[in-house]
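Single-structure report; data block below.
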Amino acid sequence: MFLSLTPPANEIELLYRAKKLAGLSLGELAVHANIVTPNNLKRDKGWIGLLLEKYLGASAGNKPEQDFATIGIELKTIPVDNNGRSLETTFVCTAPLTGKTGITWEVSYVRYKLARVLWIPVEGQREIPVAQRHIGTPILWSPSAQEALQLQCDWEELMDLIVLGNVKHITAKYGKVLQLRPKAANSLVLTTAIGKLGEPIRTMPLGFYLKKNFTNQLLARNFY
DNA sequence: TTTTGATCATGC
DNA sequence: GCATGATCAAAA
């Protein structure tokens with residue numbers, strides 16, 4: 001039932017597949033895909049994303065590419081409340097902490113990932129059992145001129161911190177719509193970054209996340 | 001209640 | 001270790 005084993009040929013087909021899933025519950029999808037629905041997402045944080053990938057025919061895997069690379073589209077599921085507002089920030093990609101002196105927004109991975117995104121809202125309130133959470137109407141989105149400018153502005157500020165050796169001072173408070181936060185198995189994980197004197201240092205891996213005010217805007221803008 | 005920092009699973 | 005998929009939960 002609606003399972004797609006091959007990648008969509010174009011974005012029309014992808015959107016068509018996604019629209020067919022709107023209104024269905026995660027439990028129904030899991031049953032038909034022969035997958036067990038977890039009681040909560042504590043130990044299955046990416047479960048919804050992987051389930052939807054399976055239904056839409058994503059290229060899948062852990063390759064550093066868009067989910068639908070051939071048609072240039074990234075898939076993002078986003079947990080929302082009953083007013084359609086996002087409950088969580090959205091992970092974009094890990095942040096490069098070395099070797100990026102001189103990199104520009106135009107060729108950045110954040111821009112590439114967010115160039116075209118299929119957003120699929122899913123009920124995310126913890127009071128609702130995972131199996132009973134419903135899938136919402138998909139939104140095929142590209143940043144507006146204003147959104148692109150907001151992203152670029154934050155990205156440049158954050159990359160400056162990294163490139164100029166201030167990675168140790170980074171907190172989630174930097175950035176208006178984009179932020180840097182830890183992205184690792186736990187707080188003991190270390191990776192290499194650039195120190196104040198340009199020397200290699202060990203620090204926590206970071207990822208770029210879209211703040212809720214940003215995703216809320218795009219969800220609201222496309223609600224009608 | 002909201003935000004920031006921490007964490008979980010999986011594949012190679 | 002780093003990429004994929006994110007949400008949890010302590011702190012503010």
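Quick note: numbers below take in every heavy atom, side chains included, and nothing from hydrogens, waters or symmetry partners. Protein chains get the first letters and strands the later ones, always in sequence-line order, with residue 1 at the start of each.
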At 4.0 Å (heavy atoms only), tell me whether A:Y174 reaches a base, stays on the sugar-phosphate, or touches nothing. nothing
At less than 3.5 Å, do the side-chain atoms of A:K173 and the base atoms of B:dT3 form a donor-acceptor pair? no
Heavy-atom pair of closest approach, residues A:S187 and A:M204: O-CE, 3.8 Å
Rounded to whole Å, how long is the line connecting atom CG of A:L188 with atom P of B:dT7? 7 Å
Is a donor from one side chain sitting under 3.5 angstrom from an acceptor on the other, for A:S25 and A:R133? no
Where A:L180 and A:A95 come nearest, the two heavy atoms and their spacing: CD2-CB, 3.6 Å
Send over the distance from A:N39 CG to B:dC8 P, rounded to a whole Å. 18 Å
Check: A:Y55 main-chain N/O paired with A:S4 side-chain donor or acceptor under 3.5 Å: yes
Whichever of A:K212 and A:G46 has the more 5' nearest nucleotide on DNA chain B, that residue is A:K212
Examine B:dT7: is either OP1 or OP2 under 4.0 Å from a nitrogen or oxygen in the side chain of A:S187? Give yes or no. yes
OP1, OP2 of B:dG5 versus side-chain N and O of A:R181: anything below 4.0 Å? no
Would you say the side-chain atoms of A:S144 and A:R221 include a donor-acceptor pair closer than 3.5 Å? no
Using the heavy-atom set of chain A and a strict 4.0 Å cut-off, write down the first and last nucleotide of DNA chain C that makes it in, 5' to 3'. C:dC2 to C:dA9
Going by the salt bridge (Lys or Arg N to Asp or Glu O under 4.0 Å) test, which pairs reach into residues 62-77 of chain A, not counting sequence neighbours? A:E74-A:K76, A:E74-A:K113
